[in-house]
Protein chains: 2
Amino acid sequence: MLTAYFQNLVPFTDDEIADVLSYFEHETIKKNTTLIKEGQISNKLYFVEKGIGRSYYLKKDGKEVTQWFFGAGNFMASADSFFQQTPSFYYLEVIEDTLLYTITKEKLDLLIEKYRKMETIIRLLAIEILTSFVHKLNSIQFQTARERYDYMLSEFPDISYRAPLGQIASYLGMTQETLSRLRRSEQA
Amino acid sequence: MLTAYFQNLVPFTDDEIADVLSYFEHETIKKNTTLIKEGQISNKLYFVEKGIGRSYYLKKDGKEVTQWFFGAGNFMASADSFFQQTPSFYYLEVIEDTLLYTITKEKLDLLIEKYRKMETIIRLLAIEILTSFVHKLNSIQFQTARERYDYMLSEFPDISYRAPLGQIASYLGMTQETLSRLRRSEQA
DNA sequence: TGAATCCTTTGACCTAAATCAAAAAATGAA
DNA sequence: TTCATTTTTTGATTTAGGTCAAAGGATTCA
């Protein structure tokens, strides 16, 4: 899956791909494990092979706000912390038993130096993440609660039914009571 | 200013910088000029030397929604359209008389091929844009109108007083009436 | 310099969604 | 299998901010 992801962006030879993959580690993570806490500098970039990851932060009143869901087939990171090596604003966790490929910042930098194509991939990855964030921003700003939930269903159909309701509600910027009522009216 | 921007990310020699700058053009643009319309594929990346740029889109009801303001010292683009060469979701315009450096996609690609450092710069640029978008997303989701305006004041103090109120209001996801009332209470 | 257009303010009223509270359902641990 | 904890649903009430309408100000351009 990771191989396909790379090949899709920039073509590699089989030898190159094998070498690139050797920089990654394979990990199995149990449900509800925290990968990064707020304030830590994130040293790893993750690729979700199976399962769901989530980033969130705590409001002053202690309530969690989901910032993003990472489904299978996507890279996951506390992007600003990892790329800019600054303290993370977010917590990162997995909300299901999850299979991850991971790479450290140091190894990624080595890879980027070794393969120019890798730098291209990271550039494209950053732009892709950027695009999807912008898309979310536009889907949430000025939209009603119902429209925001419709965006969620179309953008993350699988996650919409696997993540706890409260986590989805905060991702969409509404209370869980409101989301619960929306779901009821959905089925009618 | 553009030189400083580059040097700040990756060191170049004087000769290199001169060569890189020769790929850019210098343009003076009159207030309220549209640079890109929705649906067009954006072929240019802009650097704002002086003035203010703005991206916006139209809702189904025809109302403009400001997506971003670009102040002096920043790159401006319809990011997804320029980098991925897809039809732009946004309009791009300048809201003051503006001095811009511009570079076409073709020339930028040449530069990236010629100087690896350029690819690094674009990668870092993409990550920087990403980070600031994420920051906005977090500052708007779950915040009250007052808090959103405070974010605007701290993030874009200059633009807060130079852009028309309606444009700022839609950027912050509120009506202009609400923003007008906020400002009044501000002064009290 | 004045008509025309655009931008901002103000007021009255309304509504979507938040808050508060508590019951019901689901999950998990012993 | 039961008890405890967490998650979801439902109801009653409140409120922030939206909508509608109209009047003032400020720009612009002939």
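Letters A, B, ... are given to chains in the order of the sequence lines, protein chains preceding strands, and every chain is numbered from 1. Everything quoted here is computed from the prediction, not taken from an experiment.
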Check: How many angstroms lie between CD in B:E155 and CG in B:D150, if you round to the nearest 0.5 Å?
Finding: 12.5 Å
Next item on the list: For DNA chain D, write out the stems as range with range, using runs of 3 or more consecutive Watson-Crick or G-U pairs with both distances under 3.5 Å.
Entry: C:1-30 with D:1-30
Item checked: Lys NZ or Arg CZ of A:K117 over A:F12 ring: under 6.0 Å, within 45° -> yes
Note to self: If I take atom CG in residue B:N32 and atom P in nucleotide C:dC6, what distance separates them, rounded to the nearest angstrom?
What the structure shows: 11 Å
Next item on the list: Is it possible for you to check whether A:K136 lies under 6.0 Å from the centre of the six-membered ring of A:Y171, through NZ or CZ, and within 45° of that ring's axis?
Entry: yes
Next item on the list: Do nucleotides 9-22 of chain D as a string where each nucleotide becomes B, S or -: B if the base has a protein heavy atom under 4.0 Å, S if just the sugar-phosphate does, - if no protein is that close.
Entry: BBBB----SSBBB-
Next item on the list: Rounded to the nearest angstrom, tell me the gap between atom CG in A:L182 and atom P in D:dT8.
Entry: 14 Å
Margin query: Aromatic contact between A:F133 and B:F133, with the criterion being ring centroids under 6.0 Å apart: yes or no?
Written below: no
Next item on the list: Flag the pair A:Y5 / A:F47 as yes when their ring centroid distance falls below 6.0 Å, and as no otherwise.
Entry: yes
Note to self: Between P on C:dA18 and NZ on A:K59, what's the gap in Å once rounded to a whole number?
What the structure shows: 10 Å
Note to self: For the aromatic rings, using the six-membered ring if either is Trp, is the centroid distance between A:Y151 and A:H135 under 6.0 Å?
What the structure shows: yes
Notebook entry, point to check: Do B:I140 and B:E147 come close enough that some side-chain heavy atom pair is under 4.5 Å?
Noted result: no
Item checked: Ring center gap for B:Y56 and B:Y90 short of 6.0 angstrom -> no
Item checked: A:E64 side chain reached by A:R54 side chain, heavy atoms, under 4.5 Å -> yes
Checklist line | B/S/- contact track for nucleotides 24-30 of chain D, protein heavy atom under 4.0 Å | finding: ----S--
Note to self: For A:F142, does the six-membered ring have the charged nitrogen or CZ of B:K59 within the cation-pi criterion, i.e. under 6.0 angstrom from the centroid and within 45° of the normal?
What the structure shows: yes
